[in-house]
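Beneath this line is the structure, given in structure tokens, with notes to follow.
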Amino acid sequence: MLFGIAITLISLWYGQNNGLMPAAASAEASSVDSLFQLMLTISFGLTLLVQGVLVIAFFKFRRRPGDHSDGPPIHGNLSLEILWTAIPAVTVLAVGIYSFEIYNAMGGLDPMVSGQHSMEAHAKMRGSAIAAPLPGENGATPPAERSQIALGIGARPDELGQNANVVVDVSGLQYAWLFNYADSGVIAGELHVPVDQDVQLNITAQDVIHAFWLPELRLKQDAIPGMTTELRFKTTKVGTYAVVCAELCGGYHGAMRTQMIVQTPEDYQAWVQENAVAQNPNLAETLAVKPEEMSNSEFLAPYAKEMGVNEELLAQIQTEVHPQ
């Protein structure tokens, strides 16, 4: 009994104070850490138990000097075998249920990204045993659209149906990550996100399979050629964190690293605006002009040439609509 109590206390202490994980920087990290601590506590306790029994047996049941007799003819113990089969089975089942709950809480069961589809949609997928019309016929989903079905970590249960604050398209290629902020036209080699806001990454690969891994966020998602996967999260700490490829993708796989910079919302907006202007010089003029301060003629003038309207006709139209 004392041996069992000691193992339990040591395992609980080590599970909570192992120091093996990097600093947590996302809302999802605490859930992953709790699962890791539980599994480490159980595995460390089992290790102490098995190794402790072996050490005790080594000394207690060793052959004594001058004893040349055979050992006792023990052929089995049914009760003991049932016990050491039932305990691991119950433990694995409990851990499995707990991990499933954490996966759901993180957004892994979001129907928009978890691959859950109706029977009708399943019938239209390639390889289905259910009869289905040819692609493009009778409303069947074309292959190009099917390839865009997202998989991964989506919105948490309390945020289902809500759009993320920031959406970034991530592309992996040998041996770099590219980040495309479609709303602002910014393309960068490092990921910038605002703290305490929902971020959605739409991840794909240009050549081979990569894996987008954020150790401090406890999140990892495959980047697959021809398919878009999703990773949604909320950071909790301002700072700079590593982005690592966790899938062997070639000879320079180890060099496929970049960083995620978590900024305050104000700093993030300043970074977006600065890079948007730097990458799109014409945008600076657009931002400098206030449409509400322009006359109708001034506002329509840039579009007159594109529409095939000369300045005289534009002036005549303005005169007829707003006579002096």
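In this text, all values refer to a predicted model and were calculated from it rather than measured experimentally. Side chains are part of it too, since the values below use all heavy atoms of this structure and drop only hydrogens, waters and symmetry mates.
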Take Glu216 and Thr235 through the test side-chain contact (heavy atoms from CB on, under 4.5 Å) and record every step on the way to the result.
-> CA-CA 10 Å; Glu216 284 81 4; Thr235 58; over 6 Å; no
For Leu231 and Val170, what are the C-alpha separation, side-chain angles and deciding distance, and is it a side-chain contact (heavy atoms from CB on, under 4.5 Å)?
-> CA-CA 10 Å; Leu231 193 60; Val170 182; over 6 Å; no
I would like to know whether Val168 and Asn202 meet side-chain contact (heavy atoms from CB on, under 4.5 Å); could you show each step before the answer?
-> CA-CA 6 Å; Val168 185; Asn202 300 320; over 6 Å; no
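Under the 4.5 Å side-chain heavy-atom criterion for ILVMFWY residues, a single connected hydrophobic cluster contains both Val272 and Val195. No chain of hydrophobic side-chain contacts below 4.5 Å, direct or via other Ile, Leu, Val, Met, Phe, Trp or Tyr residues, connects Ile203 to Trp213. Under the 4.5 Å side-chain heavy-atom criterion for grouping Ile, Leu, Val, Met, Phe, Trp and Tyr, Val95 is connected to Leu46 within one hydrophobic cluster. Transitive grouping of hydrophobic side chains (ILVMFWY, heavy atoms separated by less than 4.5 Å) brings Leu9 and Met1 into a common cluster. A continuous path of hydrophobic side-chain contacts links Val193 to Val238 [ILVMFWY only; heavy atoms under 4.5 Å].
The nearest pair of heavy atoms linking Ser26 to Thr236 is N-OG1, 3.5 Å. In terms of heavy-atom proximity, Cys249 sits nearest to Cys245 at SG-SG, 3.9 Å. Minimum interatomic distance between Gln200 and Ala164 (heavy atoms only, all atoms of both residues): CB-CB, 3.7 Å. Contact record, Ile102 with Ser31: CD1-O, 3.2 Å, taken as the closest heavy-atom pair. Residues Glu230 and Gly154 come closest through the heavy atom pair OE2-CA, 3.6 Å. Of all heavy-atom pairs between Ile87 and Thr91, the closest is O-OG1, 2.8 Å.
Under the 3.5 Å distance criterion, the side-chain polar atoms of Arg64 are matched with a main-chain donor or acceptor of Arg62. In this structure a side-chain-to-backbone donor-acceptor pair under 3.5 Å is present from Thr258 to Gly189. No donor-acceptor distance shorter than 3.5 angstrom exists from the side chain of Asp67 to the backbone of Arg63, with no hydrogens or angles considered. A donor-acceptor pair is defined here as one N or O able to donate and one able to accept, closer than 3.5 Å; no such pair exists between the side chain of Thr85 and the backbone of Ile82. For the pair Thr229 (side chain) and Asp222 (backbone), a donor-acceptor distance under 3.5 Å is present. Formation of a donor-acceptor pair under 3.5 Å by the Asn165 side chain with backbone atoms of Asp198 is found in this model.
The distance from atom OG of Ser11 to atom CG of Leu48, rounded to the nearest 0.5 Å, is 5.0 Å. Between the OG atom in Ser43 and the CZ atom in Phe36 there is a gap of 8.0 Å [rounded to 0.5 Å]. From Glu190, atom CD reaches atom CG of Leu178 across 12.0 Å, with rounding to the nearest 0.5 Å. The CD1 atom of Ile224 lies 5.5 Å from the CD1 atom of Ile209; values are rounded to the nearest 0.5 Å. Considering CE of Met260 and CZ of Phe179, their distance stands at 9.5 Å, rounded to 0.5 Å. Interatomic distance, Gln37 CD to Asn17 CG, rounded to the nearest 0.5 Å: 8.5 Å.
Put simply, the side chain of Val208 reaches to within 4.5 Å of the side chain of His210, judged on heavy atoms. Between Pro157 and Asn104 the shortest side-chain heavy-atom distance falls below 4.5 Å. Counting heavy atoms from C-beta on, the side chains of Phe44 and Ile7 never come closer than 4.5 Å. Contact annotation: the side chain of Leu191 approaches that of Leu201 to within less than 4.5 Å [non-hydrogen atoms, C-beta and beyond]. Counting only heavy atoms from C-beta outward, the side chains of Val262 and Tyr241 approach each other to under 4.5 Å. The shortest distance between side-chain heavy atoms of Ile153 and Tyr103 falls below 4.5 Å. Two residues are said to be in side-chain contact when any heavy atoms from C-beta on lie closer than 4.5 Å; Arg156 and Glu28 meet this criterion. Looking at Gln174 and His253, their side chains never come closer than 4.5 Å, going by heavy atoms from C-beta outward.
Under the ring-ring contact (aromatic ring centres under 6.0 Å, His included) criterion, Tyr252 pairs with Tyr175, sequence neighbours left out. Among residues two or more places apart in sequence or in another chain, the ring-ring contact (aromatic ring centres under 6.0 Å, His included) test is passed with Trp271 by Tyr181, His192. Residues satisfying the salt bridge (charged side-chain N to carboxylate O under 4.0 Å, His left out) test with Arg218, not counting sequence neighbours, are Asp33.
By the 6.0 Å contact criterion, CE on Met39 is open, its count of non-hydrogen atoms from other residues, nucleotides or ligands being 12 or less. In this structure, Phe3 places its CZ atom where more than 12 heavy-atom neighbours from other residues, nucleotides or ligands lie under 6.0 Å away.
With hydrogens and angles left out, the side-chain atoms of Ser171 and Gln206 include a donor and acceptor closer than 3.5 Å.
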